[in-house]
Amino acid sequence: MKKIPWNVIRIVGVTIALLVVVVRSVLAGPQNTPNDKDVQHAARVIPPSGVGDERATIDVTNDVAGNGIVEPADREVKVAGQVPGRIAQILAKEGDRVEAGAPLVELESSIERAALAAAEADLEAAKADMLRTSRGLRREDVDAVVADTEGARARATLSHDALERTEKLAKGGAATPDELDRARSQAEADQRALESQEAKKKAALAGSRWEDVAQARAKMLGAAARRDEAKAQLERLTIRAPLAGEILQLKFRAGEYYTPGGDSLIVMGDTRVLRVRVDVDERDVARVAVGAKAFATSTAFPGRRFAGKVVEVGKRMGRKNVRTDDPVERIDTKILEVVIQLDDRQGLVPGLRVTGYIEPRG
């Protein structure tokens, strides 16, 4: 009897198993048909837990209502740095009120400080060179040049007189031709020395050339520009408050590495005035106007109304900003942002979800 190959046996076994699964699925009936156990489980009644519903609900009133969120005046500001670096020091803490321009965070800056010190030293050297060039020689140096010129003139006069005497003697045969040549050479050399010294005297009395002064000034301006660049590089490592307000959140700690483009360093805002940004449904846009009375409620403060008025109405429809925990909430509806400025803000914090109610127009 011929032996059946193992591969054939394995294929037959897999086929039989698949047929069994299919037959069982057909006999079990449709998957969307609940059995008796599932029906009884779904029909059970769960007693109330005594805790309020976490989903934000809107009371049915004639007012224009919508979900909103508490925010500082002019919204929250996410403070970020311009350059990456290790955080050396955080100069503020959550809850602090700071003025505009106050330093908040310092990044590691030892290299930049050394570069600034070198640039300032170069600038001082350039200033000294510019001052020396523009003033020219000192008075003592000028007097020395004048004295040297007078000495050269005296030597030239003496050599000229000696040449005249030698020429007379040579005509009478009392001086040799060699002595006459030496006298002429000496007189000519002393005359050239006098002319050179006269030129030095003229330059000393006239002062520095304008080209030298211009070059020294250009070097000084270049050194000042490099100093300013080094100072700007150092200043970028200090992150300052863009506005006066309260520090709401610190997202980094000293020693951590910060990279622009990721999380902001600090979240801050002007909490002296709190506002509520409400999502108003597009069907109620015509019923809202600036100046209308309004109030906000929060599940955190049952029975309390935070009064205010509408100070801003959006200019363009958009998507919802506030999402509730209701699983059947529609998120594809268009809304118009309406801002309510609160007169009563006691207890509210930025980021708290609330419900805004606005007195309708007319």
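Starting from 1, each residue takes its place in the sequence as its number.
- Atom CD of Glu167 and atom NZ of Lys171 lie 7.0 Å apart (nearest 0.5 Å).
- Considering only heavy atoms from C-beta on, Val276 stays 4.5 Å or farther from Glu71 through its side chain.
- Looking only at side-chain heavy atoms (C-beta outward), Val273 and Pro72 stay at 4.5 Å or farther from each other.
- Gln191 contributes atom CD, which lies 11.5 Å from atom CG of Leu163 (distance to the nearest 0.5 angstrom).
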After noting the C-alpha distance and the side-chain angles of Phe295 and Tyr357, does the key distance pass the ring pair (Phe, Tyr, Trp, His ring centres under 6.0 Å) rule? CA-CA 5 Å; Phe295 65 89; Tyr357 296 88; 5.0 Å; yes
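- Atoms CD and NZ, from Glu76 and Lys78 in turn, are 7.5 Å apart once rounded to the nearest 0.5 Å.
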Go through the steps for Glu312 and Arg275 under the test side chain to side chain contact (heavy atoms under 4.5 Å, CB included), then give the verdict. CA-CA 10 Å; Glu312 182 181 333; Arg275 296 181 173 185; 4.0 Å; yes
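- Between Arg86 and Glu108 there is a salt bridge, since a side-chain N of the basic residue sits under 4.0 Å from a carboxylate O of the acidic one.
- Side-chain contact between Val280 and Val64 is present, with at least one heavy-atom pair separated by less than 4.5 Å.
- For the atom pair CG of Leu348 and OG of Ser298, the computed distance is 7.0 Å after rounding to the nearest 0.5 Å.
- Separation of atoms CE (Met220) and CG (Asp129) is listed at 10.5 Å; rounding is to 0.5 Å.
- Distance alone, capped at 3.5 Å, is enough to place a donor-acceptor pair between the Glu256 side chain and the Arg253 backbone.
- Minimum heavy-atom separation, Ala254 to Ala88: CB-O, 4.2 Å.
- In this view, Glu150 and Arg153 satisfy the salt bridge (Lys or Arg N to Asp or Glu O under 4.0 Å) rule, not counting sequence neighbours.
- Proximity of Glu188 to Arg184: side-chain heavy atoms (C-beta onward) are nowhere separated by under 4.5 Å.
- Using a 4.0 Å cut-off between charged nitrogen and carboxylate oxygen, Glu282 and Lys334 do not count as a salt-bridge pair.
- To the nearest 0.5 Å, atoms CG (Leu123) and CE (Met130) are separated by 12.5 Å.
- By the side chain to side chain donor-acceptor pair (under 3.5 Å) test, Asp96 pairs with Lys93, sequence neighbours left out.
- The two residues Leu194 and Ala156 have their closest heavy-atom pair at CD2-CB, 3.9 Å.
- Counting all heavy atoms, side chain and backbone alike, Val310 lies closest to Ala294 at CG2-CB, 4.5 Å.
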Residues Val288, Val338; criterion side chain to side chain contact (heavy atoms under 4.5 Å, CB included); working and verdict: CA-CA 8 Å; Val288 177; Val338 176; 3.9 Å; yes
Sequence neighbours excluded and cut-off under 3.5 Å, please list the side-chain donor-acceptor pairs for residues 221-235, or say none.
unit_1, atom_1, unit_2, atom_2, d
Glu235, OE2, Arg240, NE, 2.7
Glu235, OE2, Arg240, NH2, 3.3

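- When the side chain to side chain contact (heavy atoms under 4.5 Å, CB included) test is applied to Lys251, the partners found at least two apart in sequence or on another chain are Gln249, Asp263, Ser264, Val267.
- Taking the side chain as every heavy atom from C-beta outward, Ile358 and Asp63 never approach each other to under 4.5 Å.
- For Asp344, the salt bridge (Lys or Arg N to Asp or Glu O under 4.0 Å) criterion is met by Arg304, not counting sequence neighbours.
- By the ring-ring contact (aromatic ring centres under 6.0 Å, His included) test, Tyr257 pairs with no residue at all, sequence neighbours left out.
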Given the rule in the side chain to side chain contact (heavy atoms under 4.5 Å, CB included) test, do Val354 and Val70 qualify, once you have shown the distances and angles that lead to the verdict? CA-CA 7 Å; Val354 297; Val70 179; 3.8 Å; yes
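- Contact check for Ser109 versus Thr238: no side-chain heavy atoms found under the 4.5 Å cut-off.
- Residues that satisfy the side chain to side chain donor-acceptor pair (under 3.5 Å) test with Asp281, not counting sequence neighbours, are Arg283.
- For Asp270, the salt bridge (Lys or Arg N to Asp or Glu O under 4.0 Å) criterion is met by Arg97, Arg272, not counting sequence neighbours.
- Linking Ile, Leu, Val, Met, Phe, Trp and Tyr residues whenever their side-chain heavy atoms come within less than 4.5 Å leaves Val313 and Ile335 in two separate clusters.
- Alongside Leu107, the hydrophobic cluster contains Val77, Val79, Val83, Ile87, Ile90, Val98, Leu104, Val105, Leu237, Ile239, Leu243, Ile247, Leu250, Phe252, Tyr258, Leu265, Ile266, Met268 (criterion: ILVMFWY side chains under 4.5 Å).
- The cluster map of Ile, Leu, Val, Met, Phe, Trp and Tyr, joined by side-chain heavy atoms under 4.5 Å apart, puts Val339 and Val349 in different clusters.
- Of the listed residues (Lys315, Arg319, Arg277, Lys320), just one forms a salt bridge (charged side-chain N to carboxylate O under 4.0 Å, His left out) with Glu337, and that residue is Arg277.
- Take Gln197 and apply the side chain to side chain donor-acceptor pair (under 3.5 Å) test, not counting sequence neighbours, and it matches no residue.
- Hydrophobic clustering (side-chain heavy atoms under 4.5 Å, transitive across Ile, Leu, Val, Met, Phe, Trp, Tyr) keeps Val311 apart from Leu336.
- Applying the side chain to side chain donor-acceptor pair (under 3.5 Å) rule to Arg192 yields no partners; only residues at least two apart in sequence or on another chain are considered.
- Residue pairs meeting the ring-ring contact (aromatic ring centres under 6.0 Å, His included) criterion with at least one member in residues 148-195: none, sequence neighbours excluded.
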